[in-house]
Protein chains: 2
Amino acid sequence: MLQTAIEMEKAALILKLLGDKTRLTMMKLLDHHACCVCEFVEIFKTSQPSISQHLRKLRDIGLVKEERKGQWIFYSVNKHHEYYPFIERILNQLPDQDEKLKELEIKGTRITCC
Amino acid sequence: MLQTAIEMEKAALILKLLGDKTRLTMMKLLDHHACCVCEFVEIFKTSQPSISQHLRKLRDIGLVKEERKGQWIFYSVNKHHEYYPFIERILNQLPDQDEKLKELEIKGTRITCC
DNA sequence: TTAGTATATAATGATTTGCTTATATGTGCA
DNA sequence: TGCACATATAAGCAAATCATTATATACTAA
């Protein structure tokens with residue numbers, strides 16, 4: 001893949017968005033799993049609008065994409081984003097967060113649509 | 001070097017600090033050059049207190065260190081920081097900012113103490 | 001000692017951020 | 001159709017952020 005030249009301005013904007021514990025953990029999870037809003041609500045123990053707003057910020061600059069599946073809207077990382085390689089190298093350094101999803105599976109609240 | 005496990009909380013804090021164009025550019029420059037406050041004032045065309053406050057934030061979490069040389073205080077990246085490898089991999093992806101220092105050299109305002 | 005330069009800190013204010021509550025929209029199903 | 005669930009959006013508010021101006025501190029050189 002052709003790597004675009006990183007611009008400082010855009011890099012700073014992305015780092016700012018990643019510089020929030022909730023969004024950073026979201027991105028780490030979404031990098032390998034599609035998740036829906038209600039799962040994040042449970043994982044982060046915060047309100048649904050708060051989660052929606054974080055996702056909106058990530059979506060506004062194209063870092064994540066959404067796909068409706070029936071009742072749910074599944075979010076996932078947009079791997080075609082111009083800066084995805086930049087982001088990926090950051091996410092790869094972070095500890096795996098999959099246990100958060102495993103907890104949902106144990107509780108039976110993981111949404112595995114279709 | 002022994003790589004410490006990255007904690008999400010600390011990673012988010014660091015990314016938040018890097019998520020500002022001024023601080024990000026500072027870190028990129030400081031990664032390879034020691035610079036003093038007055039140089040940054042000229043480079044970023046902002047007030048001296050503004051620069052000092054950015055540097056203070058970086059210093060407060062140990063990302064940069066300072067060394068007084070006579071009249072000036074030179075800042076540089078603290079390469080012994082627990083998370084320096086994490087930071088370095090981010091900075092390495094950013095475009096070189098050295099032309100900003102070259103401009104100072106041409107204008108004769110680069111401080112090359114000692 | 002005094003003036004000039006470099007830097008830090010304090011105080012203030014405008015803007016941004018991230019939450020909350022309330023409400024609207026969209027989907028599935030009885 | 002009507003209700004339940006999932007999600008988005010709007011509005012309001014407290015806290016954080018980032019600049020500014022004013023002032024204090026530290027060093028150099030005359």
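Below, chains carry the letters A, B, ... as their sequence lines are ordered, and counting in each starts from 1.
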Between the CD atom in A:Glu82 and the CG atom in A:Leu63, the distance rounded to the nearest 0.5 Å is 11.5 Å

To the nearest 0.5 Å, how far apart are OG in B:Ser52 and CZ in B:Phe40? 11.0 Å

Send over the distance from [X] [atom1] to [N] [atom2], rounded to a whole Å.
{"X": "B:Glu66", "N": "D:dC27", "atom1": "CD", "atom2": "P", "answer": "12 Å"}
{"X": "A:Lys45", "N": "C:dT20", "atom1": "NZ", "atom2": "P", "answer": "14 Å"}
{"X": "B:Leu15", "N": "C:dT17", "atom1": "CG", "atom2": "C1'", "answer": "17 Å"}
{"X": "B:Ile61", "N": "D:dT17", "atom1": "CD1", "atom2": "P", "answer": "12 Å"}
{"X": "B:Glu67", "N": "D:dA26", "atom1": "CD", "atom2": "P", "answer": "18 Å"}
{"X": "B:Leu55", "N": "C:dT9", "atom1": "CG", "atom2": "C1'", "answer": "14 Å"}
{"X": "A:Leu13", "N": "C:dT16", "atom1": "CG", "atom2": "P", "answer": "13 Å"}
{"X": "B:Gln48", "N": "D:dA24", "atom1": "CD", "atom2": "P", "answer": "15 Å"}

Around atom NZ of A:Lys100, are there more than 12 heavy atoms of other residues, nucleotides or ligands at under 6.0 Å? yes

Between [options], which nucleotide has the shortest distance from any of its atoms to the side chain of [X]?
{"X": "A:Ser50", "options": "D:dA8, D:dA19, C:dC19", "answer": "C:dC19"}
{"X": "B:Val37", "options": "C:dT21, C:dA10, C:dT7", "answer": "C:dT7"}
{"X": "B:Ile73", "options": "D:dT7, C:dT7, C:dT20", "answer": "C:dT7"}
{"X": "B:Lys16", "options": "D:dA10, C:dT7, D:dA16", "answer": "D:dA16"}
{"X": "B:Lys57", "options": "D:dA8, D:dC18, C:dG18", "answer": "D:dC18"}
{"X": "B:Trp72", "options": "C:dA6, C:dT9, C:dG18", "answer": "C:dA6"}
{"X": "A:Cys36", "options": "C:dA8, D:dT7, C:dA6", "answer": "D:dT7"}

[X] side-chain N/O to [N] phosphate OP1/OP2 under 4.0 Å:
{"X": "A:Thr46", "N": "C:dT20", "result": "yes"}
{"X": "A:Ser47", "N": "C:dT20", "result": "yes"}
{"X": "B:Arg56", "N": "C:dA8", "result": "no"}

Any side-chain donor paired with an acceptor under 3.5 Å for B:Asn78 and B:Tyr83? no

For a quick check under 3.5 Å, do B:Gln97 and B:Thr25 share a side-chain donor-acceptor pair by atom type? no

Can you say whether a donor on the side chain of A:Gln53 sits under 3.5 Å from an acceptor on the base of C:dT20, or the other way round? yes

Tell me whether the NZ or CZ atom of B:Lys79 lies within the 45° cone about the ring axis of B:Tyr84 and under 6.0 Å from its centre. no

If each of A:His54 and A:Gln71 is mapped to the nucleotide of DNA chain C with the nearest heavy atom, which maps nearer the 5' terminus, i.e. the 5' end? A:His54

Just to be sure I understand the rule, does B:Tyr75 reach a base, reach only the sugar-phosphate, or reach nothing, if contact means heavy atoms closer than 4.0 Å? sugar-phosphate

